[in-house]
Amino acid sequence: MDQFKAQIFAVIHQIPFGKVATYGQIAKMAGYPGYARHVGKALGSLPEGSRLPWYRVINGKGEISLKGDSFLRQRSILMEEGVEFSVKGRVRLKEFGWQP
DNA sequence: TCTATGACGCTAC
DNA sequence: GGTAGCGCCATAG
């Protein structure tokens, strides 16, 4: 499980500036396909001061899965990186999705 | 053990 | 394209 976290974090750390990746994508690249929920779980337990770019992680629809305050923080950071949001609050994965 | 839950994904309609 | 349903798997109670 710690190994899982380590892999997940390593992958997230590789997401380039101005790009985003989905939970499932990250789990898959870390070698744990089907563990999308656990990625979210791991991120949910992150300390606030973490240097991990957790804000570049979104769900498969291109939406931010958070609510309230955290949601606003994540959205503003992404916008500062140049990521555009549609009217529905969605990211265009075609354009900003991280595809190694 | 059993059940509920979660920052999710995929398929079918 | 939007929604609904089912699958996924570790953890907590």
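Numbered from 1 within each chain, the chains take letters A, B, ... in sequence-line order.
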From CD of A/E63 across to P of C/dG1 the rounded distance in Å is 13 Å
Do the non-hydrogen side-chain atoms of A/I58 and A/S65 ever get within less than 4.5 Å of each other?
no
Between residues 39-52 of chain A and DNA chain C, which residues have a heavy-atom gap below 4.0 Å?
A/K41
Mind listing the residues from residues 71-99 of chain A sitting with a heavy atom below 4.0 Å of DNA chain C? Number order is fine.
A/R90
So, taking the atom named [atom1] in [X] and the one named [atom2] in [Y], what distance separates them when rounded to the nearest 0.5 Å?
{"X": "A/E81", "Y": "A/I15", "atom1": "CD", "atom2": "CD1", "value": "10.0 Å"}
{"X": "A/K19", "Y": "A/E95", "atom1": "NZ", "atom2": "CD", "value": "7.5 Å"}
{"X": "A/K41", "Y": "A/K5", "atom1": "NZ", "atom2": "NZ", "value": "9.0 Å"}

For residues 11-37 of chain A, pull every pair meeting ring pair (Phe, Tyr, Trp, His ring centres under 6.0 Å), keeping only residues two or more places apart or in separate chains.
A/F4-A/Y32, A/F4-A/Y35, A/Y32-A/Y35, A/Y35-A/H38
Suppose the criterion is ring pair (Phe, Tyr, Trp, His ring centres under 6.0 Å): which pairs have a residue in residues 55-93 of chain A, not counting sequence neighbours?
none
Under-3.5 Å N/O pairs linking protein and nucleotides 9-13 of chain B:
unit_1	atom_1	unit_2	atom_2	d
B/dG9	OP1	A/G24	N	3.3
B/dG9	OP1	A/G60	N	3.1
B/dG9	OP2	A/G60	N	2.5

P spacing across the pair C/dC6 / B/dA7, given as an integer number of angstrom
22 Å
Protein N or O to nucleotides 4-9 of chain C N or O, pairs below 3.5 Å:
unit_1	atom_1	unit_2	atom_2	d
C/dC9	O2	A/H38	NE2	3.0

